[in-house]
Structures are given as structure tokens and as C-alpha cells.
Amino acid sequence: MDSIIAIDGPAGSGKSTMAKLLAKQLSFHYIDTGAMYRALTLKALREGVDLNNERALSSLAEKTELDIINDAEGNLQVRLDGADVTSSIRTPELTNNVAHVARVGAVREKMKERQREIAKRKRCVFEGRDIGTVVFPDAQYKFYLDADFEERVNRRHKELREAGQEVSHEDISKDLKIRDHKDMSREIAPLKRAEDAIYVDTTNMAIDEVVDKLAGYIK
Ligand code: DC
């Protein structure tokens, strides 16, 4: 599996930024698996599906077409049943609801299938929570990115401010704590470091430093 690079880690660890830059440097495709869960959540909300109804979510996943497309600059386009939903999947409402969808076993199975299909056709950097542990346990390169909690809150704050969303530091902190808990404590495919993943603490590292470090492992 030398065509797959797995990057996992909590929200705010820098994994999206690093995965994207690393993919660009290596001419790999960048696959943000969180975006796939977000897109399915968007469809569930639009169709009024009860997010506590696992069977309904599972059948929704069965009949949903999800695509992650990289443009020439390496920017991501997320397509839901053929329509571009890239900007619609980053709203606070989506972020608050996606964990309901991501905890459903049948949904995760479907996503895993789809992600493995993508990997058959392309060399990819996959980024998510369960990539090195569940989706591609045989990936040749596995990284687990992490950062101190306060640093992750600060990064999220900056990111939201740059996107024009004014949210207090305190609210972000609360929200991140809840997300960490949900990601790490769910029954199926919780976020955890694969035993053979390289652990990188990005707290005091510049973006370029992290990318160089990751690239340094890749032969
Ligand atoms: O990385 P993100 O914040 O965009 O992810 C959105 C949600 O999807 C988050 O609740 C974690 C979940 N997720 C997951 O369960 N498994 C993945 N491989 C990627 C994301």
C-alpha cells in the first residue's frame, strides 16, 4: 500500500492543512474523509432525516453519491449526488450534527467502502479519524497529528475569524471538548493512534516544518 498515506488526529491538530500540502508536494490526491461525513449529514438535514434513526441514516448512505475532487491547485471540491456542496458543509449547524451520522456503523462501512474504492484508482493522502486504524490498516505511511488543547482552540478561533465567523474563545473551547469526547469515545472506529503511526506534536511547529517532517519519512 505505498500509494496511501494515512493522517489521523483530533480537530485542530493541523491535519487538513498538512494533508493538503503534503499531497500537493507528492502529486497525490488529497481526500478529506471528514468532508464525506459532512456531506452526508447535509443531505440528512436537508431531507429532514431523524439523526437518531440509525436505519434511516444507513439507507440514506446507501443511496447517496459522494465524490471528492481535487482541482489543478489541489483545492478540494465535495460533490453530493453530483452537486458541489464544498462551502455548505462548513456551517456551525453541520459541525454540530455530523457526529450523529459518524457514529452509525452502517454509515461508516459505506464510507470505508467508498474510500477504498477511491484508493484503487489514485495515489492519495487520506485524512480523518480512523484511516490508519480501520480504513487502511496496511497503509505504508501512517501519521497521527496532535497539538495541545489550547493551541487547537486558538487555531480554530483564527480559522473561523478568517472565515468571517465571530465565535468566542470560550464557545470554541467548549465545542472542541465535546467534539474530542465524541470522536474518541464512540463505539465504532473511535479516534485513536494506530500502534504503528508516527506521532507528531504540531503545537510549536510551523506549517512548513510539519510538512517537511512528514515528507521526510516518505521514500
Ligand atoms: O475532520 P472534520 O472535523 O471535518 O470531520 C467531521 C466529522 O466527521 C467529525 O465529527 C469526525 C467525523 N469523522 C469521522 O468520524 N471519521 C473520519 N474518518 C473523518 C471524520
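Counting convention: from 1, in listed order, for ligands and their atoms alike.
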Original post:
Would you say ligand 1 has an N or O under 3.5 Å from any N or O of R156?
Top reply: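 Between R156 and ligand 1, no N or O pair is found under 3.5 Å apart.
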
Original post:
Looking only at N/O atoms, are R38 and ligand 1 under 3.5 Å apart anywhere?
Top reply: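 In this structure, R38 places an N or O atom under 3.5 Å from an N or O of ligand 1.
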
Subject >> side chain to side chain contact (heavy atoms under 4.5 Å, CB included) between R156 and R179, worked out >> reply: CA-CA 13 Å; R156 186 60 87 210; R179 290 182 69 192; 3.5 Å; yes

Protein residue, atom and distance nearest to [atom], heavy-atom basis:
| atom | result |
| --- | --- |
| atom 10 (O) of ligand 1 | V98 CG1, 3.5 Å |
| atom 12 (C) of ligand 1 | A102 CB, 3.9 Å |
| atom 5 (O) of ligand 1 | G34 CA, 3.5 Å |
| atom 8 (O) of ligand 1 | Y37 CB, 3.8 Å |

Subject >> Considering all heavy atoms, the nearest Y30-A19 contact >> reply: CE1-CB, 3.6 Å

State whether a side-chain donor-acceptor pair under 3.5 Å links [X] with [Y].
| X | Y | result |
| --- | --- | --- |
| T91 | R38 | no |
| N75 | K20 | yes |
| Q115 | T33 | no |

Subject >> Residues in side chain to side chain contact (heavy atoms under 4.5 Å, CB included) contact with A119, at least two apart in sequence or another chain >> reply: I4, F126, F136

Original post:
Would you say M111 contacts ligand 1, with heavy atoms under 4.0 Å as the rule?
Top reply: no

Original post:
Has R103 got any heavy atom lying under 4.0 angstrom from an atom of ligand 1?
Top reply: no

Closer than 4.0 Å to some heavy atom of [X] - which atoms of ligand 1 meet that?
| X | answer |
| --- | --- |
| D130 | 16 (N), 17 (C), 18 (N) |
| R108 | 14 (C), 15 (O), 16 (N), 17 (C) |
| T33 | 17 (C), 18 (N), 19 (C) |

**OP:** List in chain and number order the residues that pass salt bridge (charged side-chain N to carboxylate O under 4.0 Å, His left out) with E117, two or more places apart in sequence or in another chain; answer none if no residue qualifies.
**Re:** R114

Subject >> Within one Ile-Leu-Val-Met-Phe-Trp-Tyr cluster: I89 and V107, side-chain cutoff 4.5 Å >> reply: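 Hydrophobic grouping puts I89 with V107.
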
Original post:
For atom 13 (N) of ligand 1, which candidate among R179, R129, R90, M36 holds the nearest heavy atom?
Top reply: R129

Subject >> Side chain, backbone, both or neither: D183 near ligand 1, heavy atoms under 4.0 Å >> reply: side chain

**OP:** Calculate, to the nearest 0.5 Å, the distance between atoms CZ and CD belonging to R90 and E159 respectively.
**Re:** 8.5 Å

